[in-house]
Amino acid sequence: MSVTAAFAATPTQATEPSKQMQEFLKFERKNQDGFIATSILMLGVIAAQTNPSIADCVNVWYQGNEETKERRHTEIIEVMRQYPQYVPTTIVLSVVERECGKFKRAK
């Protein structure tokens with residue numbers, strides 16, 4: 001299964017928030033942080049198997065310390081608020097790809 005198939009979903013109407021994003025944004029911050037951390041961890045595992053340079057970038061970009069993780073989570077949540085029509089995993093993937101490069105897509 002490709003990364004796209006595993007993480008991406010078709011957005012709803014451009015102005016209509018997805019149900020998943022509506023629910024995510026209602027979570028307590030600690031639960032949002034847990035979701036984001038798990039998503040980034042899984043992206044790192046996929047990258048380690050498919051593109052080690054992306055995995056290295058994710059480690060440097062995300063794994064610094066708790067303050068670094070907090071900043072990354074805040075950044076991702078801000079992007080989620082800007083693009084609520086997408087599901088949360090799509091935003092996490094997009095931010096990681098913006099910082100570290102694109103994952104290979106199945107043809």
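All figures in this text were calculated on a predicted structure; none of them were measured in a lab.
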Report task. Please tell me if the side chains of Val79 and Val92 come closer than 4.5 Å, counting only heavy atoms from C-beta onward. Result -> no
**Report entry** Heavy-atom pair with the smallest gap, counting every atom of Ala55 and Ala48
**Finding:** CB-N, 3.6 Å
Requested in this report: State, with a plain yes or no, whether a side-chain heavy atom of Thr90 is found less than 4.5 Å away from one of Val87.
Outcome: yes
Query raised in the report: Between Arg81 and Glu78, is there a side-chain N and carboxylate O pair less than 4.0 Å apart?
Result: no
Query raised in the report: Taking it one step at a time, do Thr68 and Gln63 satisfy side-chain contact (heavy atoms from CB on, under 4.5 Å)?
Result: CA-CA 7 Å; Thr68 299; Gln63 298 292 345; over 6 Å; no
Query - Interatomic distance, Asn59 atom CG to Ile54 atom CD1 [nearest 0.5 angstrom] - result: 12.0 Å
Query raised in the report: Cluster question for you: counting only ILVMFWY and a side-chain heavy-atom cut-off of under 4.5 Å, with indirect links fine, are Leu41 and Ile46 together?
Result: no
Query raised in the report: Is there a donor-acceptor pair closer than 3.5 Å between any side-chain N or O of Glu16 and the backbone N or O of Gln85?
Result: no
Query - Ion pair Glu67/Arg72, N-O distance below 4.0 Å - result: no
Query - Pairwise side-chain contact, Phe27 with Asp33, heavy-atom cut-off 4.5 Å (strictly under) - result: no
Requested in this report: To the nearest 0.5 Å, tell me how far Ser39 OG sits from Ile91 CD1.
Outcome: 11.5 Å
Query raised in the report: Is there a side-chain contact between Trp61 and Val96, using heavy atoms and a 4.5 Å cut-off?
Result: yes
Query raised in the report: From Lys30 NZ over to His73 NE2, what is the distance, rounded to the nearest 0.5 angstrom?
Result: 15.0 Å
Report task. Evaluate the side-chain proximity of Lys104 to Asn51: yes if any heavy-atom separation is below 4.5 Å, no if none is. Result -> no
Query raised in the report: So, do Gln22 and Pro84 sit near enough that their side-chain heavy atoms are less than 4.5 Å apart?
Result: no
**Report entry** Distance (rounded to the nearest 0.5 Å) between Phe35 CZ and Thr89 OG1
**Finding:** 5.5 Å
Query raised in the report: Nearest heavy-atom pair of Glu97 and Phe103: which atoms, and what distance?
Result: OE2-N, 2.9 Å
**Report entry** Euclidean distance, Tyr86 OH relative to Met21 CE, rounded to 0.5 Å
**Finding:** 10.5 Å
Report task. State the OH-CD1 distance between Tyr62 and Ile36, to the nearest 0.5 angstrom. Result -> 7.5 Å
Report summary line: All heavy atoms of Val95 vs all of Glu75, minimum pair found to be CG1-OE2, 3.9 Å
Report task. Flag the pair Glu70 and Arg29 as a salt bridge only when some basic side-chain nitrogen lies within less than 4.0 angstrom of an acidic carboxylate oxygen. Result -> yes
Query raised in the report: Is the side chain of Glu99 donor-acceptor paired with the backbone N or O of Val58 at a distance under 3.5 Å, no angle test?
Result: no
